[in-house]
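Have a look at the structure below, then the notes.
What you are looking at is a predicted structure, and each value in this text was computed from that prediction instead of being measured.
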Amino acid sequence: MNSQSLAKLAKITAIAGAICLYSNAGFAAGFFSSSNDDAATDLPAVVELIDAGKYSDAIDSLQKMKKADPENADVLNYLAYSQRKSGDLKAAESNYDKALKINPDHPGALEYQGELYIQTGRVELAKQNLAHLKDVCGTDCEQYEDLNKALAGM
């Protein structure tokens with residue numbers, strides 16, 4: 001073999017090795033999936049499950065999403081909402097807290113955490129969330145209006 005052939009072989013070997021390395025790392029990190037289950041990483045598809053009342057399925061997908069992106073306040077909020085609707089209030093509260101630590105002004109998490117507080121008899125905490133929502137988005141935003149209605153309907 002001449003030196004040009006050896007150089008080409010070395011490049012091909014390096015590229016093939018890099019492809020194998022990055023592909024395995026990608027699979028291990030969850031960036032690629034060996035299945036066609038894209039719903040596990042598709043938040044709009046998960047929201048459709050939630051809207052259809054399929055909380056268990058949503059929780060399964062959201063847990064996968066949380067594992068891949070533990071600092072995503074939207075994922076944590078939807079997970080907490082689904083857990084609350086499924087009756088797992090302790091897990092829901094924990095995930096609302098995590099979402100609000102990441103984004104203290106998250107309107108959805110503030111509203112839904114407020115609803116959890118109402119559900120568990122902590123009305124004063126729900127009122128605090130309502131006041132925070134007023135500061136975040138005013139009295140015309142949907143989250144403020146919904147939590148305000150929930151408080152009025154007690």
Exercise. So if you build clusters from Ile, Leu, Val, Met, Phe, Trp, Tyr with side-chain heavy-atom gaps below 4.5 Å, do Y55 and L89 land together?
Worked result: yes
Problem set entry | Y81 reachable from L62 in the ILVMFWY side-chain graph, under 4.5 Å edges | yes
Listing, residues 111-124 side-chain donor-acceptor contacts under 3.5 Å, not counting sequence neighbours, or none:
| unit_1 | atom_1 | unit_2 | atom_2 | d |
| --- | --- | --- | --- | --- |
| Q113 | OE1 | N129 | ND2 | 2.9 |
| Q113 | NE2 | D97 | OD1 | 2.9 |
| Q113 | NE2 | Y117 | OH | 3.1 |
| E115 | OE1 | R84 | NH2 | 2.9 |
| T120 | OG1 | L116 | O | 2.9 |
| T120 | OG1 | Y117 | O | 3.3 |
| T120 | OG1 | R122 | NE | 3.0 |
| T120 | OG1 | R122 | NH2 | 3.1 |
| R122 | NH1 | E93 | OE2 | 3.0 |
| R122 | NH2 | E93 | OE1 | 2.8 |
| R122 | NH2 | E93 | OE2 | 3.4 |

Problem set entry | N72 to I102 - nearest heavy-atom pair and separation | N-CD1, 4.2 Å
Seminar exercise, completed: Closest heavy-atom pair, N77 versus A99, reported as atoms and distance to 0.1 Å, is N-CB, 4.1 Å
For this session: Taking all non-hydrogen atoms of both residues into account, name the closest pair between L79 and K66 and its distance.
Result: CD2-CD, 3.7 Å
Seminar exercise, completed: NE2 (H132) and SG (C137) are apart, to the nearest 0.5 Å, by 9.5 Å
Exercise. Given the rule that I, L, V, M, F, W and Y join up when any side-chain heavy atoms are under 4.5 Å apart, are V75 and Y96 in one cluster?
Worked result: yes
Exercise. If every non-hydrogen atom of D74 is compared with every non-hydrogen atom of L43, which pair is closest and at what distance?
Worked result: CB-CD2, 4.2 Å
Exercise. Could you walk me through whether N95 and K98 pass the side-chain contact (heavy atoms from CB on, under 4.5 Å) check?
Worked result: CA-CA 5 Å; N95 283 310; K98 289 175 187 173; 3.8 Å; yes
Problem set entry | Minimum-distance pair of heavy atoms, taken over all atoms of V136 and D105 | CG1-O, 3.4 Å
Exercise. More than 12 foreign heavy atoms under 6.0 Å from OH of Y78: is that the case here?
Worked result: no
Problem set entry | From NZ (K85) to CD1 (I50), nearest 0.5 Å | 11.0 Å
Exercise. So which pairs with a foot in residues 140-154 pass side chain to side chain donor-acceptor pair (under 3.5 Å), sequence neighbours left out?
Worked result: none
Exercise. Between L110 and P104, what is the shortest heavy-atom contact and its length?
Worked result: CD1-O, 3.9 Å
Problem set entry | Point-to-point distance, once rounded to the nearest 0.5 Å, from CE of M65 to CG of D42 | 7.5 Å
For this session: Give the cluster check for L130 versus M154: same hydrophobic cluster or not, with ILVMFWY residues linked at side-chain heavy-atom distances below 4.5 Å.
Result: yes
